[in-house]
Amino acid sequence: MPEIMDGTTIPAAFAAAVAQHADRPFLAVPANPDRGYLPSGFEITYGAAARRIGKLAEIYRRAGYGVGHRIATLLENRPEHVLHTLALNSIGVCCAPINPDYRPAEIAYLLDHSEPDLILTLRERRGSIEQALALSSHRAPAVALESFDGALPRARHPARDAQPVPETPASILYTSGTTGRPRAAC
């Protein structure tokens with residue numbers, strides 16, 4: 001395992017792992033015919049994941065996203081969640097994952113609090129996002145993962161002219177909200 005020091009960024013830590021383990025499994029989803037996605041299972045190596053993450057990062061970068069932007073994601077516990085998060089972190093975007101169990105009012109709270117520049121969601125979760133946006137004072141464009149490559153809207157404001165550093169926020173994680181409103185932690 002590569003040594004991670006205080007000055008190590010998420011992209012640098014992942015690159016070091018890829019350099020050491022390119023042909024080894026990075027993510028594995030066991031087969032489950034009852035699961036609504038990837039019923040036959042899925043596996044990707046570090047090297048293949050790095051290539052996919054690089055392509056995703058380039059798509060986001062071409063659309064103008066980078067340091068200073070936030071993107072909320074509702075991708076459940078799918079491999080795409082990990083791949084998009086690493087792609088976004090590699091260009092300095094802060095992610096705000098949305099708990100798939102949140103009700104529209106809780107999603108609206110997350111959107112108002114995190115103020116994302118974009119929402120990336122699964123097509124079947126689009127209705128929850130639209131309901132949340134109707135309740136939210138923050139308006140962000142939403143794009144379905146399934147049409148991501150061709151439908152990514154341009155960033156509304158330019159990214160900062162900077163590279164991610166260890167202090168660059170990577171994620172805003174919210175509690176479940178079982179005892180009140182979800183709380184955020186960076």
Side-chain angles (χ1 to χ4, degrees), residues 2 4 7-29 37-38 42-100 110-111 114-126 129 140-174 184-186:
I4 298 175
T8 305
T9 63
I10 291 170
F14 184 69
V18 170
Q20 285 186 339
H21 307 291
D23 295 327
R24 296 178 81 182
F26 171 63
L27 285 174
V29 177
Y37 66 95
L38 301 173
F42 170 83
E43 187 170 290
I44 189 169
T45 64
Y46 277 88
R51 289 186 293 279
R52 179 66 181 144
I53 289 163
K55 288 177 185 175
L56 292 170
E58 185 55 32
I59 293 168
Y60 282 113
R61 193 179 291 111
R62 278 196 318 260
Y65 295 95
V67 175
H69 288 116
R70 293 182 184 156
I71 294 182
T73 59
L74 180 49
L75 302 175
E76 299 174 345
N77 194 24
R78 300 181 186 210
E80 292 86 354
H81 169 75
V82 174
L83 299 173
H84 278 265
T85 298
L86 286 168
L88 290 165
N89 287 168
S90 76
I91 60 171
V93 174
C94 180
C95 300
I98 301 171
N99 183 329
L110 180 147
L111 298 176
S114 65
E115 298 181 333
D117 298 284
L118 176 71
I119 303 164
L120 179 63
T121 186
L122 299 169
R123 183 175 291 128
E124 66 262 23
R125 297 293 189 146
R126 185 77 187 221
I129 294 298
V143 65
L145 175 70
E146 295 81 359
S147 57
F148 167 79
D149 289 347
L152 188 62
R154 297 256 338 135
R156 293 179 179 174
H157 62 87
R160 290 189 204 128
D161 187 21
Q163 293 298 312
V165 296
E167 295 77 24
T168 303
S171 292
I172 303 173
L173 303 177
Y174 288 83
C186 289

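Along the sequence shown, residues are numbered consecutively beginning with 1. What you see is a predicted model, and the numbers here were worked out from it, not measured in a lab.
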Quick check: do P25 and I44 have side-chain heavy atoms less than 4.5 Å from each other? no
Tell me whether the count of non-hydrogen atoms from other residues, nucleotides or ligands lying under 6.0 Å of CG in D23 goes above 12. no
Hey, what do you get for CD1 (I53) to CZ (F26), rounding to the nearest 0.5 Å? 5.5 Å
Can you tell me if CD on E43 sees more than 12 non-hydrogen neighbours from other groups inside 6.0 Å? yes
Could you grab the distance from atom OG1 of T45 to atom CG of L27, nearest 0.5 Å is fine? 10.0 Å
Residue of the set L173, T85, L86 for which side-chain contact (heavy atoms from CB on, under 4.5 Å) holds with C95: T85
Candidates L152, L74, I129, V143 - the one meeting side-chain contact (heavy atoms from CB on, under 4.5 Å) with L120: V143
Between H84 and F148, does a ring pair (Phe, Tyr, Trp, His ring centres under 6.0 Å) hold up when you go through it step by step? CA-CA 11 Å; H84 278 265; F148 167 79; 4.9 Å; yes
Can you name the nearest heavy-atom pair linking S90 to P164, along with the distance? O-CG, 3.5 Å
Looking only at heavy atoms, what is the nearest atom pair of L122 and E146, with distance? C-OE1, 3.8 Å
Interatomic spacing from CG in L110 to CD in E115 - rounded to 0.5 Å: 11.5 Å
Reference residue D117; test side chain to side chain donor-acceptor pair (under 3.5 Å); the match among R156, H157, R70, H69: H157
Distance col, row L88:CG vs Y60:OH, nearest 0.5 angstrom, shows 4.5 Å
OG1 of T168 to CD1 of I10, rounded to nearest 0.5 Å, is 9.5 Å
List for me each residue that meets salt bridge (Lys or Arg N to Asp or Glu O under 4.0 Å) alongside R78, sequence neighbours excluded, and say none if there are none. E76, E124
Any T8 side-chain heavy atom under 4.5 Å of P166 side chain: no
Looking only at heavy atoms, which two atoms of G66 and V93 are closest? And how far apart? O-CG2, 3.4 Å
Is there a side-chain contact between L145 and T121, using heavy atoms and a 4.5 Å cut-off? no
Would you indicate whether the side-chain heavy atoms of P153 and L118 approach each other to under 4.5 Å? yes
Measure the shortest side-chain to side-chain distance between S114 and Y174 over non-hydrogen atoms and say whether it is less than 4.5 angstrom. yes
Does the distance from a Lys or Arg side-chain N to an Asp or Glu carboxylate O, for R61 and E58, drop under 4.0 Å? yes
Taken to the nearest 0.5 Å, the spacing of Y46 OH from F14 CZ works out to 7.5 Å
With a 3.5 Å distance limit and no angle check, can you tell me whether R154 reaches the backbone of R62 through a side-chain donor-acceptor pair? yes
Compare every heavy atom of H81 with every heavy atom of T73, then report the nearest pair and how far apart it is. OG1-ND1, 4.0 Å
